[in-house]
Enquirer: 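Sending over a structure as structure tokens; questions will come in a sec.
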Amino acid sequence: MNQDYDAIIIGAGVIGTATGFELAKRGYRTLNVDKQPTAGSGSTCNTCAIIRLHYSTPDGCAMARESYFYWLDWGRYLGVADEMGLAQYVNTGCLVMKNGRNKDLVNVMAALDELHVAYEDLAADGIAARFPWMDTRTYGPPVTTDDERFGEPTGGHIRGAVYIPESGYIDDPTLACHNLQRACEAHGGEYRFNAEVVEVLKSDGRVAGIRLADGSRIHAPVVVNVGGPHSAIINRMAGVLDGMNITTRALKQEVCYVPAPAGMDYHQLAPLISDGDIGCYSRPTTGNHILIGSEDPPCDVLEWVEDPDDYNTNFTHQWETQVMREAQRLKGLGIPGQTGGLVDLYDVSDDWIPIYDKSDLPGFYMAVGTSGNQFKNAPVAGKLMAELVDQVEGGRDHDADPVTMPLTYTRRTCDIGFFSRRRSLNPDSSYSVIG
Ligand SMILES: Cc1cc2nc3c(=O)[nH]c(=O)nc-3n(C[C@H](O)[C@H](O)[C@H](O)COP(=O)(O)OP(=O)(O)OC[C@H]3O[C@@H](n4cnc5c(N)ncnc54)[C@H](O)[C@@H]3O)c2cc1C
């Protein structure tokens, strides 16, 4: 059969563009196709783009740590200029509150020690001394606003926190995708936009390419599903769901932007905050505003979405709940009368850990289930996917003998089998956006 490309990547979000870049660097003739008009117009454009190192598993911490260095050295990693400029990493530090759900961060600190990451282990008075604008009383475990306990301290002060200076966010995640697109193109990779994949083609028991909504067919021996919240739909098209023990679903998220308390220079003073005691994460954002997201506390009803192209994109009571939760911690935070922020979808796996894997259909791969926590890991995810494709197409049986990959900066070996579609649910996961 005539092959138009060596590999087709479905999706041009941050992980799709990183995968295209890494495959093109290895000499694959790649095509990224996306139904949107530009790179990063899917869930990536609404990401909070937080770069943090604390995950619930040592593998999660190591991948985040490794990726961190790519963001620090972004221009050199890309190796090309972009006429639109480069995305920038903004360092803020990250304060992670200890609580029962994160096991007082004992495992996180052990993983950070192993990775030689500097951090401070703060008691409640240490938090208060460094961040006097915080109310350090305990409010958790979080409850919904209709619970009479809502907003009432539950006794004593939070057990402490870990402050990790090396954390921050990327100022323009859509630009980061454009940067990756340009870097991929510099190696001969191609992009096709406004192109919706409606069929995964097969021939002789393996993948053969894709069919687009306009009827055109594009042939390649490798197809990678990086469809974000549409991942399950694309896996269904390919007929690979039966071979997966871990599946993916779209989940609605509301992110609030609210003005900082009057007179407070939040951008100057505040770090990223991961606060399971109030069920929120937060970071500074433009205009001296605070970005507030949910850490998915067990009391909240999650809004799973059947059709990612047709769901309620309005704010709900969840928006107000998140701001009111944040106001428990941040002294003087007002609740604005008008909502501001964004609504988008996570692509959540059953254990909130991504799937970076092959499938039961030879030649069909997936980088899916990114569970609200993989923007930061895109550079390493792209590398893992390229290594996986290379080795499996070279004849390796990844299911029986998982591919491993050396991590350059952390000097560890990544077992790509950790991200298998066939794994059992990982009991160490937080089962939340923390991963
Ligand atoms: C509100 C929110 C906040 C987040 N905050 C963070 C954070 O702070 N830190 C962090 O690390 N991660 C965060 N994440 C997660 C992170 O943004 C995602 O993991 C990452 O952006 C996913 O990238 P992707 O390339 O896999 O998917 P996407 O960016 O969603 O790209 C998938 C692409 O596939 C295309 N597509 C789908 N179906 C088809 C089809 N049939 N044909 C053609 N194209 C198709 C879509 O158009 C889309 O452009 C957040 C996510 C959200 C939604």
Enquirer: Distance check, rounded to the nearest 0.5 Å: Ser216 atom OG versus Arg192 atom CZ?
Expert: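 Here the interatomic distance stands at 6.0 Å.
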
Enquirer: About how many Å separate CG of Leu95 and CG of Asp275, when rounded to the nearest 0.5 Å?
Expert: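 It is 8.0 Å, given to the nearest 0.5 Å.
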
Enquirer: Can you find a heavy atom in the side chain of Trp74 that is under 4.5 Å from one in the side chain of Ile170?
Expert: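 Answer no - side chains too far apart.
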
Enquirer: Under 3.5 Å, side chain of Gln88 to main-chain N/O of Leu86, donor-acceptor pair present?
Expert: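 Pair found, side chain donor or acceptor close to backbone of Leu86.
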
Enquirer: Do Cys94 and Tyr163 have side-chain heavy atoms sitting under 4.5 Å apart?
Expert: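 When only atoms from C-beta onward are counted, Tyr163 and Cys94 do not touch, as no gap falls below 4.5 Å.
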
Enquirer: Report yes if the distance between the aromatic ring centroids of Tyr89 and Tyr68 is under 6.0 Å, otherwise no.
Expert: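 Under 6.0 Å, so yes.
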
Enquirer: As an exercise, state the distance from CE of Met366 to CD1 of Ile10, rounded to the nearest 0.5 Å.
Expert: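 Nearest 0.5 Å value for the CE-CD1 distance: 11.0 Å.
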
Enquirer: Which pairs pass salt bridge (charged side-chain N to carboxylate O under 4.0 Å, His left out) with one or both residues in residues 226-249, sequence neighbours excluded?
Expert: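 Passing the test, one end in residues 226-249: no pairs.
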
Enquirer: Please, which pairs that meet salt bridge (charged side-chain N to carboxylate O under 4.0 Å, His left out) have at least one residue in residues 110-119, sequence neighbours excluded?
Expert: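 Passing the test, one end in residues 110-119: Glu114-Arg412.
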
Enquirer: Please list all pairs meeting salt bridge (charged side-chain N to carboxylate O under 4.0 Å, His left out) that have one or both residues in residues 370-399, counting only residues at least two apart or in different chains.
Expert: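 Applying salt bridge (charged side-chain N to carboxylate O under 4.0 Å, His left out) to every pair that reaches into residues 370-399, excluding sequence neighbours, yields Glu22-Lys383, Arg26-Glu387, Arg26-Asp390, Arg206-Glu393, Lys358-Asp399, Arg396-Asp401, Asp399-Arg421, Asp399-Arg422.
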
Enquirer: Taking atom SG of Cys184 and atom CD1 of Ile9, what is their separation to the nearest 0.5 Å?
Expert: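 Here the interatomic distance stands at 6.5 Å.
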
Enquirer: Crowded around Gln338 CD? As in, over 12 foreign heavy atoms under 6.0 Å?
Expert: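 At most 12 heavy atoms, drawn from other residues, nucleotides or ligands, come within 6.0 Å of this atom.
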
Enquirer: Can you find a heavy atom in the side chain of Arg52 that is under 4.5 Å from one in the side chain of Asn373?
Expert: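 Of all side-chain heavy-atom pairs linking Asn373 with Arg52, at least one is under 4.5 Å.
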
Enquirer: Just so I know, are the side chains of Met97 and Arg329 near enough to count as touching, which here means a heavy-atom distance under 4.5 Å?
Expert: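 They are in side-chain contact.
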
Enquirer: Measuring from Ser282:OG to Glu295:CD, what's the distance to the nearest 0.5 Å?
Expert: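 These two atoms lie 9.0 Å from each other.
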
Enquirer: Given salt bridge (Lys or Arg N to Asp or Glu O under 4.0 Å), test Asp121 with Lys98 step by step and report yes or no.
Expert: CA-CA 10 Å; Asp121 187 1; Lys98 293 181 182 177; 2.7 Å; yes

Enquirer: Does Met244 reach the side chain of Ile355, with side-chain heavy atoms less than 4.5 Å apart?
Expert: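 Yes, their side chains come closer than 4.5 Å.
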
Enquirer: Just wondering, do Thr370 and Ile15 contact through their side chains at under 4.5 Å, heavy atoms?
Expert: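 Heavy-atom side-chain distance check passes, below 4.5 Å.
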
Enquirer: Only one of Asp307, Thr248, Asp309 passes side chain to side chain donor-acceptor pair (under 3.5 Å) with His230; say which it is.
Expert: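 Output: one option passes, namely Asp309.
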
Enquirer: Less than 4.0 angstrom from a charged side-chain N to a carboxylate O is my criterion; do Asp4 and Arg29 meet it?
Expert: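 Salt bridge: no.
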
Enquirer: Of all heavy-atom pairs between Leu241 and Ala232, which one has the smallest distance, and what is that distance?
Expert: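 Heavy atoms of Leu241 and Ala232 come nearest at CD1-O, 4.3 Å.
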
Enquirer: Measure from the side-chain N and O atoms of Asn46 to the backbone N and O of Asp344, and report whether any donor-acceptor pair falls under 3.5 Å.
Expert: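 Such a contact is absent between Asn46 side chain and Asp344 backbone.
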
Enquirer: For Asn426, run the side chain to side chain contact (heavy atoms under 4.5 Å, CB included) check against Ile353, Ile246, Asp350 and tell me which one passes.
Expert: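 Going through Ile353, Ile246, Asp350 one by one, the side chain to side chain contact (heavy atoms under 4.5 Å, CB included) with Asn426 is satisfied by Ile353 alone.
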
Enquirer: Please check if the side chain of Ser371 supplies one atom and the backbone of Ser349 the other of a donor-acceptor pair under 3.5 Å.
Expert: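 Indeed, once roles are kept as given, a pair shorter than 3.5 Å links the two residues.
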
Enquirer: Side chains of Leu31 and Ile218: does their closest heavy-atom pair fall under 4.5 Å?
Expert: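 The answer is yes; the side chains approach within 4.5 Å.
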
Enquirer: Any heavy-atom pair between the side chains of Val224 and Ile8 that's under 4.5 Å?
Expert: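 Of all side-chain heavy-atom pairs linking Val224 with Ile8, none is under 4.5 Å.
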
Enquirer: Rounded to the nearest 0.5 Å, how far does NE2 of His54 lie from CE of Met109?
Expert: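 Reported to 0.5 Å precision, the distance equals 12.5 Å.
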
Enquirer: According to side chain to side chain donor-acceptor pair (under 3.5 Å), who are the partners of Arg211, at least two apart in sequence or on a separate chain?
Expert: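 Once residues adjacent in sequence are excluded, the partners of Arg211 under the side chain to side chain donor-acceptor pair (under 3.5 Å) criterion are Glu199.
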
Enquirer: Is the gap between the ring centers of Phe375 and Trp71 under 6.0 Å?
Expert: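 When the ring centroids of Phe375 and Trp71 are compared, they turn out to be within the sub-6.0 Å range.
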
Enquirer: Could you walk me through whether Arg423 and Asp351 satisfy the salt bridge (Lys or Arg N to Asp or Glu O under 4.0 Å) test, starting with their C-alpha distance in whole Å, then the side-chain angles of each, then the deciding distance to 0.1 Å, before giving a yes or no?
Expert: CA-CA 10 Å; Arg423 66 177 180 257; Asp351 60 7; 2.8 Å; yes

Enquirer: Can you tell me how the ring of Phe21 sits relative to the ring of His187, calling it parallel under 30°, perpendicular over 60° and tilted otherwise?
Expert: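 Rings of Phe21 and His187: tilted, 30 to 60°.
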
Enquirer: For the ring pair Tyr409 and Tyr70, is the centre-to-centre distance below 6.0 Å?
Expert: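 Close enough - the centres of the two rings lie under 6.0 Å apart.
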
Enquirer: Please list all pairs passing the salt bridge (charged side-chain N to carboxylate O under 4.0 Å, His left out) test where one or both residues lie in residues 159-169, with sequence neighbours left out.
Expert: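 Applying salt bridge (charged side-chain N to carboxylate O under 4.0 Å, His left out) to every pair that reaches into residues 159-169, excluding sequence neighbours, yields Arg65-Glu166, Asp104-Arg159.
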
Enquirer: Can you pull out every ring pair (Phe, Tyr, Trp, His ring centres under 6.0 Å) where at least one residue sits in residues 410-435? Sequence neighbours excluded, please.
Expert: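 Listed once each, the pairs are Tyr356-Phe419.
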
